[in-house]
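Working notes for the structure below.
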Amino acid sequence: MDGKEKTLRMPMVMRRLRDPDINPCLSESDASTRCMAENNYDKESCSSHFLKYKNCRKFWNSVMIQRRQNGVKPPMPTAAERDEILGAMGKMPY
């Protein structure tokens, strides 16, 4: 090579999934993945993590649908907006 190192870049889809402004359930997804790795990929051991992730997706999907119907853009609230929404609720809805 000519002295320049080639840097590996994450594919666009991967970057979007890792973006907290796009993926509201990033921590739940990471917790599920971590649980699977720690429990030798035994799905039964991680069912509570999967359920929390599923409920997270359902909750934010319903928020997104409501915002779309009300003409709010972007349909998915940013990470900061989501923190405000969850703070106003007083507890995690999922």
Side-chain angles (χ1 to χ4, degrees):
M1 295 200 133
D2 56 6
K4 293 181 183 175
E5 289 184 35
K6 188 172 185 174
T7 57
L8 294 175
R9 290 176 30 130
M10 244 191 281
M12 178 60 95
V13 173
M14 240 1 222
R15 278 196 309 253
R16 287 178 57 97
L17 288 175
R18 301 297 311 160
D19 185 346
D21 279 333
I22 294 173
N23 184 354
C25 302
L26 190 56
S27 62
E28 289 80 5
S29 174
D30 289 347
S32 295
T33 303
R34 194 170 35 257
C35 179
M36 288 290 282
E38 291 171 358
N39 290 290
N40 202 24
Y41 296 90
D42 177 20
K43 290 181 181 178
E44 283 187 30
S45 299
C46 301
S47 60
S48 63
H49 291 284
F50 297 150
L51 187 58
K52 190 169 182 177
Y53 174 75
K54 183 178 177 180
N55 290 336
C56 176
R57 295 298 302 173
K58 273 186 190 177
F59 174 78
W60 290 112
N61 190 47
S62 68
V63 168
M64 200 166 66
I65 289 169
Q66 189 66 47
R67 285 171 60 105
R68 248 191 223 123
Q69 289 172 347
N70 294 337
V72 179
K73 296 211 177 199
M76 177 58 72
T78 63
E81 287 177 301
R82 289 194 305 268
D83 287 343
E84 285 179 30
I85 292 168
L86 293 174
M89 296 179 93
K91 65 179 179 96
M92 284 295 246
Y94 47 86

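Predicted, not measured: the structure shown is a model, and the values here were computed from it. Atom set for the values below is all heavy atoms of this structure, side chains included, hydrogens, waters and symmetry mates excluded.
Residues Met89 and Val72 do not share a hydrophobic cluster, defined by chaining ILVMFWY side chains whose heavy atoms lie under 4.5 Å apart. In the hydrophobic cluster analysis, where Ile, Leu, Val, Met, Phe, Trp and Tyr join through side-chain heavy atoms closer than 4.5 angstrom, Leu26 is grouped apart from Met92.
A pairwise comparison of heavy atoms in Met36 and Lys43 identifies CE-CG, 3.9 Å as the closest pair. Smallest separation of non-hydrogen atoms from Ala79 and Pro20: CB-O, 3.9 Å. The minimum heavy-atom distance linking Met76 with Pro24 is given by the pair CE-CG, 3.7 Å.
Atom CZ of residue Arg68 and atom CE of residue Met64 lie 4.5 Å apart, to the nearest 0.5 angstrom. Here the CD atom belonging to Gln66 is positioned 5.0 Å from the CG atom belonging to Asn70, to the nearest 0.5 angstrom.
Judged by distance alone, the side chain of Glu81 and the main-chain N or O of Thr78 form a donor-acceptor pair under 3.5 Å. With hydrogens and angles ignored, the 3.5 Å screen pairs no side-chain donor or acceptor of Asn23 with any backbone N or O of Arg18. Between the Arg57 side chain and the Cys25 main chain, no donor and acceptor come within less than 3.5 Å of each other.
Using the six-membered ring where Trp is involved, Tyr94 and Phe59 have ring planes that are tilted, between 30° and 60° apart.
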Would you list the atom pairs, donor with acceptor, under 3.5 Å between side chains in residues 45-53 and any protein atom, with sequence neighbours excluded?
residue	atom	partner	partner atom	Å
Ser45	OG	Asp42	OD2	2.7
Ser47	OG	Glu44	O	3.3

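Within the 4.5 Å cutoff, the side chain of Pro75 has no heavy atoms near those of the Ile65 side chain.
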